[in-house]
There are 2 protein chains.
Amino acid sequence: MSQETNGMMEGWLALTQIQLSVAAKLEQELQSKHNWSLNDFYLLYFLSVAPDKKLRLQQLETMIGLSQSAVSRLVSRFEARGCGALRRHVCEEDRRSVYTALTEIGEAEVAAAYDTFIRVLRESLPERELEAAVETMLAVNAPASEANVSGD
Amino acid sequence: MSQETNGMMEGWLALTQIQLSVAAKLEQELQSKHNWSLNDFYLLYFLSVAPDKKLRLQQLETMIGLSQSAVSRLVSRFEARGCGALRRHVCEEDRRSVYTALTEIGEAEVAAAYDTFIRVLRESLPERELEAAVETMLAVNAPASEANVSGD
DNA sequence: TTATAATACATGCATGAGCATGCATTTAAT
DNA sequence: ATTAAATGCATGCTCATGCATGTATTATAA
């Protein structure tokens, strides 16, 4: 466990903590203000910026970063709430696929949730810590990592 | 959804994707090479760098970033495997607390897993994308964000 | 001392996630 | 045209997690 690997470790742990805590804050605010989970928001957001505001499940997988089954159920659950933000219909060019499309109601809701999202991001992102964590990792992993570049 | 907020969003999404994919790679390698989950590794790692190589559950909560119940069960499951890397004993100064201590067997296993961890981190960390994502977020969130600092 | 509150961990329960698999549809091979 | 393989989504199962709560211990108040 050398100096360098330790820096790499510290940087990664710090980055992970930051990601976790900001994501928790986002989840919390989206939940209380819009009754959405973070993944609900990602789902609707990616639809809102997609051409024709519709995507097949497969496309959502990589965007949201969930497994195929998880996306299938995420959309199912959301649709089952009956809030009318989503609509699913079989893709006519390939009847195996299913399109998930954003409705006008959904568009408005996404826009509102987006504002919340960005606000919380601005407020809760620990900029200095994030920059420090990343710099630590990059410095440690650089070719000439012999030099002591740590601030403290 | 202005230019600036969009940059913030893009940066956050990129950061999240990076964290997810690297964590998945770490999990995968730890699982195949050491039969540990990522949280298993974090647990044993934090013990290995703790004074006397032991910690109370409460201390592990914030370190690992899990709830109290999740940590309780994480330790329980690990101990229940009977691989002898962990030992739990009631804290004598405060009999409500439980110490989770690393054994010598555990120390050796952590050292091996640590090497794997750092190697995967070095190999799979997308440095340029990470730096770009963070810079995007910081630039967008900076006071003088009028200036166009985006590369494309 | 005794009663009340606070603390630390364990556990029942509900939920979301991944894996393996099933079903329907499309594509490729013959 | 027929058959086999591949693709896209749904679903049964298991498991890890968070919340609410229970239990044991310690701290505080009277």
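Residue numbers begin at 1 in each chain, while the letters A, B, ... track the order of the sequences.
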Practice task
Would you mind building the protein contact string for nucleotides 14-20 of chain C? One character per nucleotide, 5' to 3', B for base within reach (heavy atoms under 4.0 Å), S for sugar-phosphate only, - for untouched.
Solution key: --SSBB-
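- One finds the OG1 atom of A:Thr62 at 7.5 Å from the CD atom of B:Gln17 (value rounded to the nearest 0.5 Å).
- Remark: A:Leu86 CG to A:Lys54 NZ distance equals 14.0 Å, nearest 0.5 Å.
- For residues 69-96 of chain A, the pairs satisfying ring-ring contact (aromatic ring centres under 6.0 Å, His included) are A:Trp36-A:Phe78, A:His89-A:Tyr99, with sequence neighbours left out.
- Taking atom CD of residue B:Glu61 and atom C1' of nucleotide D:dA16, one finds them 16 Å apart after rounding to whole Å.
- Taken to the nearest 0.5 Å, the CZ atom of B:Phe41 stands 8.0 Å off from the CG atom of B:Leu38.
- Here D:dC19 presents its C1' atom at 14 Å from CD of A:Gln28, a figure rounded to the nearest Å.
- Residues passing the salt bridge (charged side-chain N to carboxylate O under 4.0 Å, His left out) test with A:Arg96, sequence neighbours excluded: A:Asp94.
- Of the side-chain N and O atoms in B:Arg88, none sit less than 4.0 angstrom from OP1 or OP2 of C:dA8.
- Of all the residues in residues 50-57 of chain B, B:Arg56, B:Leu57 reach under 4.0 Å from DNA chain C with at least one non-hydrogen atom.
- Here A:Lys33 pairs with A:Glu29 under the salt bridge (charged side-chain N to carboxylate O under 4.0 Å, His left out) rule; sequence neighbours left out.
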List the atom pairs, donor and acceptor, that lie under 3.5 Å between side-chain atoms in residues 124-136 of chain B and the rest of the protein, sequence neighbours left out.
| residue | atom | partner | partner atom | Å |
| --- | --- | --- | --- | --- |
| B:Ser124 | OG | B:Val120 | O | 2.7 |
| B:Glu127 | OE2 | A:Asn141 | ND2 | 2.6 |
| B:Thr136 | OG1 | B:Ala132 | O | 2.8 |

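- For B:Glu92, the salt bridge (charged side-chain N to carboxylate O under 4.0 Å, His left out) partners two or more places apart in sequence, or in a different chain, are B:Arg95.
- Connection of A:Met63 to A:Val98 is not established within any shared hydrophobic cluster, with ILVMFWY side chains joined at heavy-atom distances below 4.5 Å, either directly or through further cluster members.
- Contacts of B:Glu123 classified as salt bridge (charged side-chain N to carboxylate O under 4.0 Å, His left out), with partners at least two apart in sequence or in another chain: B:Arg119.
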For nucleotides 22-27 of chain D, give me every protein contact, N/O to N/O, under 3.5 Å, one pair per line with atom names.
| residue | atom | partner | partner atom | Å |
| --- | --- | --- | --- | --- |
| D:dT26 | OP1 | B:Arg95 | N | 3.2 |

Got a list of side-chain donor-acceptor pairs under 3.5 Å for residues 67-74 of chain B, not counting sequence neighbours?
| residue | atom | partner | partner atom | Å |
| --- | --- | --- | --- | --- |
| B:Ser67 | OG | B:Ser69 | OG | 3.3 |
| B:Ser67 | OG | B:Ala70 | N | 3.2 |

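- The closest side-chain heavy-atom distance from A:Arg88 to A:Val75 is below 4.5 Å.
- Counting to the nearest Å, the C1' atom of D:dA10 and the OH atom of A:Tyr99 are 19 Å from each other.
- Judged purely by distance below 3.5 Å, without hydrogens or angles, the side chains of A:Thr16 and B:Gln19 pair a donor atom with an acceptor atom.
- With the end axes of the helix from C:dT1-D:dA30 to C:dT30-D:dA1 each set by five pairs, the angle from one to the other reads 10° at 10° resolution.
- Shown here is B:Lys53, whose NZ atom has more than 12 heavy atoms of other residues, nucleotides or ligands within 6.0 Å.
- In this structure, the CD atom of A:Gln58 is 18 Å from the P atom of C:dT25, given to the nearest Å.
- The CD atom of B:Glu79 sits 14 Å away from the P atom of C:dC9 (whole-angstrom rounding).
- Near DNA chain C, defined here as any heavy-atom distance below 4.0 Å, there are no residues from residues 30-37 of chain B.
- The side-chain heavy atoms of A:Tyr42 and A:Leu47, taken from C-beta on, include no pair separated by under 4.5 Å.
- The structure places CG of A:Leu20 at 11.5 Å from CD1 of B:Ile64, a figure rounded to the nearest 0.5 Å.
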